[in-house]
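Report on the following structure.
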Amino acid sequence: FHIDDFACDALTKYYADNLKDGDDVLDICSSWVSHYPKDFKGGSVVGLGMNEYELSQNKQLSSYVVRDLNDEPVFPFEDESFDKVTCVVSVE
């Protein structure tokens with residue numbers, strides 16, 4: 001992980017309190033882990049990231065899109081496609 005265990009636990013708890021089962025979620029700058037609660041049952045949970053192998057290993061995603069937002073800074077989704085959008089430890 002890019003963050004310590006305490007931060008991972010706090011983040012997962014935050015998601016448990018704020019994500020509802022059935023929510024469609026976009027995980028921006030996603031990777032091999034999204035830190036969502038293990039029992040979260042999202043609707044469409046889409047990862048958007050640069051590393052196809054890492055995205056393919058993320059068991060919490062229902063699908064993913066490989067894109068470098070530095071090269072192509074446009075999201076490939078219609079407006080209002082998601083209920084929630086997450087982005088963790090990826091923006092500097």
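Given the structure is predicted, the values throughout are model-derived calculations rather than measurements. Heavy-atom basis, side chains included; hydrogens, waters and symmetry copies ignored.
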Heavy-atom check, side chain of [X] versus side chain of [Y], under 4.5 Å:
X     : Y     : answer
Ser56 : Tyr64 : yes
Val85 : Ile28 : yes
Val45 : Phe40 : yes
Met50 : Val66 : no
Ser81 : Asp24 : no

Testing the basics here: between [X] and [Y], what is the closest heavy-atom pair and its distance to 0.1 Å?
X     : Y     : value
Lys84 : Lys20 : NZ-N, 4.4 Å
Val65 : Pro76 : CG1-CG, 4.0 Å
Val88 : Leu11 : CG1-CD2, 3.4 Å

For the side chain of [X] and the backbone of [Y], is there at least one donor-acceptor N/O pair under 3.5 Å apart?
X     : Y     : answer
Asp21 : Gly42 : no
Arg67 : Val74 : yes
Asp27 : Ser30 : no

Phe75 and Leu48: CA distance, side-chain angles, deciding distance, side-chain contact (heavy atoms from CB on, under 4.5 Å) verdict: CA-CA 9 Å; Phe75 293 114; Leu48 177 67; 3.4 Å; yes
Quick check: are there more than 12 heavy atoms from other residues, nucleotides or ligands sitting under 6.0 Å from CD of Glu52?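 Atom CD in Glu52 is not packed in, count stays at 12 or less.
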Let me check something: do Phe82 and Leu69 share a hydrophobic cluster, defined by ILVMFWY side-chain heavy atoms less than 4.5 Å apart, either directly or through other members?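 Yes; Leu69 is reachable from Phe82 via cluster members.
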Rounded distance [0.5 Å steps], OG in Ser44 versus CG in Leu61: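 Going from OG on Ser44 over to CG on Leu61, the span is 9.5 Å.
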Given Leu26 and Phe77, is the side-chain contact (heavy atoms from CB on, under 4.5 Å) satisfied, shown in steps? CA-CA 10 Å; Leu26 172 61; Phe77 309 104; 3.7 Å; yes
Asp9: side-chain contact (heavy atoms from CB on, under 4.5 Å) partners, not counting sequence neighbours: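 For Asp9, no residue satisfies side-chain contact (heavy atoms from CB on, under 4.5 Å) once neighbours in sequence are set aside.
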Side chains of Gln60 and Ser34: is there a donor and an acceptor less than 3.5 Å apart?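 The answer is no; no qualifying pair exists.
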Trace of the side-chain contact (heavy atoms from CB on, under 4.5 Å) decision for Val25 with Val46: CA-CA 6 Å; Val25 181; Val46 180; over 6 Å; no
Let me know which of Thr86, Asp23, Thr12, Asn58 forms a side chain to side chain donor-acceptor pair (under 3.5 Å) with Tyr36.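 Option passing the side chain to side chain donor-acceptor pair (under 3.5 Å) with Tyr36: Thr86.
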